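What follows is one structure encoded as structure tokens, with my remarks underneath.
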Amino acid sequence: MAAVDQVKRFGRGAARLMARRARRLLVPDYDELVSDRDRALHELQVAFESVTAAHQGIADLQAEQRALQERLNATLLLAEAAEPRLNEVVVRVEPRLEQLEDGLHEARRLNLRIAELTDIVTEIVLPLHHRDIDAERVADLAPDTQ
Amino acid sequence: MITQLTADEQGLAFTASAEDRSVVLDLLLDGRRIWSFRCADADRGLGAVADRWSVPWPSVLRPHLEGSATFTLRPVGGDGAAQSVDVTLGTGSGRIRFTDRDGMALMVNKWGQLGHALGDWDDGMVTRLLDHVDQVRAGLLAGNDLDVYVTSGTLLGPYRDGHLIPSDDDADLAYLSRHTHPVAVIQESFQLGRRLAAAGLTVQRYSAGHLQVHFENQGRPDVYVDVFTGWIDDVGWWYQTFAVRSRVARDRLVPVSTIEVEGRTEPAPREPEAVLATIYGPNWRTPDPAFTFEVPPATSNRFWGWLSDAGMDRSLWELVLGDAPHGDPAGPSGAARLLAERLGPGSAVLELGCGRGEDALWLAGRGHRVEAVDYAHRPLLDAQSVADVNMSPARFRPLNLYDLRRVMALGTEVAARDEPVHVLAHDLLPTLWDVGRPALFRLLSMVLRTGGEAHLDVMTSPPKRSAGAPPEPGPLWRELAVADLEAEMRPFALHVREAHPLVEEVRTGPGAGRGPVTRTRMVVEWQRSTR
């Protein structure tokens with residue numbers, strides 16, 4: 001039995017050897033082609049995994065988009081509900097804004113008024129009334145802080 | 001490329017492709033530049049033909065469009081060929097003349113108003129202008145610790161190439177105040193105005209931060225100098241009329257540097273580029289005769305609030321009154337006639353807003369002592385000349401009702417005479433902006449305390465414009481309700497004693513015919529307050 005097995009092994013080994021020699025003779029690049037095939041199969045596997053991951057990502061984004069859409073709809077509903085109140089606020093605030101702008105203008109214009117009045121007093125009133133100023137009355141003016 | 005230029009009574013039309021829309025165009029009248037505009041500002045032409053654009057004549061140019069002319073559109077900066085068209089407009093014959101009464105060439109400036117381009121002056125203008133600048137600068141610096149420098153166009157042109165800009169119409173000086181608060185800045189401006197006037201210069205105030213100094217040459221108005229006020233506030237904002245509001249540190253403006261202006265050394269801001277970029281924006285290096293200021297409301301509101309505006313149609317009235325021939329063929333106004341009927345011999349008359357002074361001269365001719373005021377400078381000079389030639393005792397002097405200080409000064413002077421004064425203010429209220437009315441009523445309350453009455457009138461329907469009349473260049477007529485005026489006068493102790501509705505014929509605009517208006521003539525008196 002052992003001898004039969006040995007003969008069989010010898011036969012297979014010889015056959016493999018002959019097959020290898022035949023391959024080298026007929027397809028000299030066989031080993032390289034096999035290597036390329038294995039690499040291509042690996043890359044295909046990686047690509048497949050990437051596509052699977054991309055599909056998952058798209059599915060996640062779609063879910064997120066649906067969630068955002070729901071939140072947007074809810075916000076729009078809230079805004080529509082608040083619109084009358086918002087309009088009320090605008091109607092109430094607009095005249096006040098105009099009043100504020102008028103007040104601001106008036107406050108700014110006071111700068112000019114002060115300058116004009118100071119100028120009128122120093123250039124017209126005081127020179128014209130200089131002769132009427134009583135020195136004794138000036139001396140009697142109430143003392144002021146220093 | 002601009003092609004197929006046409007012109008008619010309404011304006012210009014031309015064809016321009018999309019890439020030409022960014023071009024600035026000079027409009028030439030018989031070869032002379034009179035206006036500039038952006039191609040992009042033109043409107044889509046009638047019928048919305050592709051690439052066909054139209055632009056209306058500037059309103060101030062329209063009254064001059066009588067006769068024949070060659071109009072040319074010339075792209076600025078050599079971007080394409082010029083296009084010309086020969087046209088006859090209006091009913092006039094001969095060539096269209098766009099000149100003032102002295103024959104001086106006019107142009108439409110960046111404010112849409114009439115002006116004289118520096119490039120259209122005589123050869124001696126540059127020397128005279130720079131002399132004026134130096135004279136004004138010397139006046140500003142006399143006894144003052146100020147930093148004065150050329151600004152705006154007088155900085156822009158010389159900084160680019162050493163020359164004044166031909167399309168500019170004046171010289172510009174600015175000073176940087178040491179003060180930081182508007183009140184102190186304004187007080188300083190008042191003092192400076194007085195100093196310049198004391199130096200013998202003719203100074204007009206256009207706001208509490210803007211002076212204009214005028215000159216004459218051979219009996220005609222010469223090129224003038226603007227003086228703009230600048231200051232930096234407590235928190236570092238730089239303000240300069242008009243209208244700069246920007247965060248620029250003082251050490252970028254002063255101490256002043258120098259710049260060559262037409263070969264003469266003048267003071268300049270320390271960093272001219274910082275100033276030019278602030279005034280004209282980032283494209284200041286590129287010549288743009290169609291440039292217009294775009295002032296943000298946050299800036300213009302501040303200047304209007306702090307410094308107000310003492311110009312208020314003054315240039316318009318100089319134009320309307322200055323170019324018309326003296327002597328109204330219709331004679332004195334109905335208002336003057338009515339007043340004359342009520343005056344005793346040798347009465348004192350104060351006319352406000354006298355214009356060319358025809359009513360004042362007529363009243364003086366009837367033996368009354370007439371003093372007449374207006375803020376339009378040249379018509380006053382003309383009226384005084386007429387008075388002098390005719391040995392009329394009428395006196396004409398400037399008064400700006402938008403300058404409360406000058407109003408108070410005149411009121412004080414007239415009231416000090418301690419005699420009844422009759423005031424004539426014909427067509428004043430319909431032409432006075434609302435901000436001027438309190439000063440008018442203040443003046444009346446001062447001069448009427450010693451007796452006398454004021455004759456005022458208001459328009460109750462605006463004049464109907466005669467067919468074909470050119471559009472008015474500004475709001476020359478305003479409708480006012482007598483009841484509103486009575487309410488405004490009440491705090492000044494003024495009372496409308498009489499109100500007479502009537503219909504009168506008036507001129508409907510510059511260069512236009514006459515048309516009927518309905519108005520109410522009021523007689524106003526001062527009544528001592530009962531409180």
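Residue numbers start from 1 in every chain, and the chains themselves are labelled A, B, ... in the order their sequence lines are given, proteins ahead of strands. These numbers come from a predicted model, not from an experiment. FYI, side chains are in, hydrogens and waters are out, and symmetry mates aren't considered; it's all heavy atoms of this structure.
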Got a sec: does the CZ of B/R442 have more than 12 other heavy atoms crowding it under 6.0 Å?
no

For B/S308, is it the side chain, the backbone, both, or neither that has a heavy atom closer than 4.5 Å to a heavy atom of chain A?
both

Using a cut-off of 6.0 Å, state whether more than 12 heavy atoms not belonging to B/F293 lie near its atom CZ.
yes

Taking everything shown except A/E49 itself, do over 12 heavy atoms lie less than 6.0 Å from its CD?
yes

More than 12 foreign heavy atoms under 6.0 Å from CZ of B/R314: is that the case here?
yes

Residues, nucleotides or ligands: over 12 heavy atoms within 6.0 Å of A/E106 CD:
no

To check you understand the geometry: which heavy-atom pair defines the closest contact between B/M408 and A/I124, and what is its length?
C-CD1, 4.2 Å

Please report the interatomic distance CG(A/L112) to CH2(B/W304), rounded to the nearest 0.5 Å.
10.0 Å

Would the number of heavy atoms belonging to other residues, nucleotides or ligands and lying under 6.0 Å from CZ of A/R71 be above 12?
no

For A/I114 and B/H181, run side-chain contact (heavy atoms from CB on, under 4.5 Å): C-alpha distance rounded to whole Å, both residues' side-chain angles, the deciding distance at 0.1 Å, then the answer.
CA-CA 12 Å; A/I114 292 168; B/H181 194 280; over 6 Å; no

With a 4.5 angstrom heavy-atom cut-off, is it the side chain or the backbone of B/E413 that approaches chain A, or both, or neither?
neither

Heavy-atom pairs under 4.5 Å with chain B are the metric here; pick the option from A/R109, A/R113, A/H105, A/E101 that has the most.
A/R109

Is the closest basic N to carboxylate O distance between A/E123 and B/R194 below 4.0 Å?
yes

Separation between CD (B/Q187) and CD (A/E116), nearest 0.5 Å, reads 11.0 Å

Using modelled atom types and a 3.5 Å cut-off, is there a donor and acceptor pairing between side-chain atoms of A/R108 and backbone atoms of B/L307?
no

About how many Å separate CG of A/D119 and CD1 of B/I186, when rounded to the nearest 0.5 Å?
10.5 Å

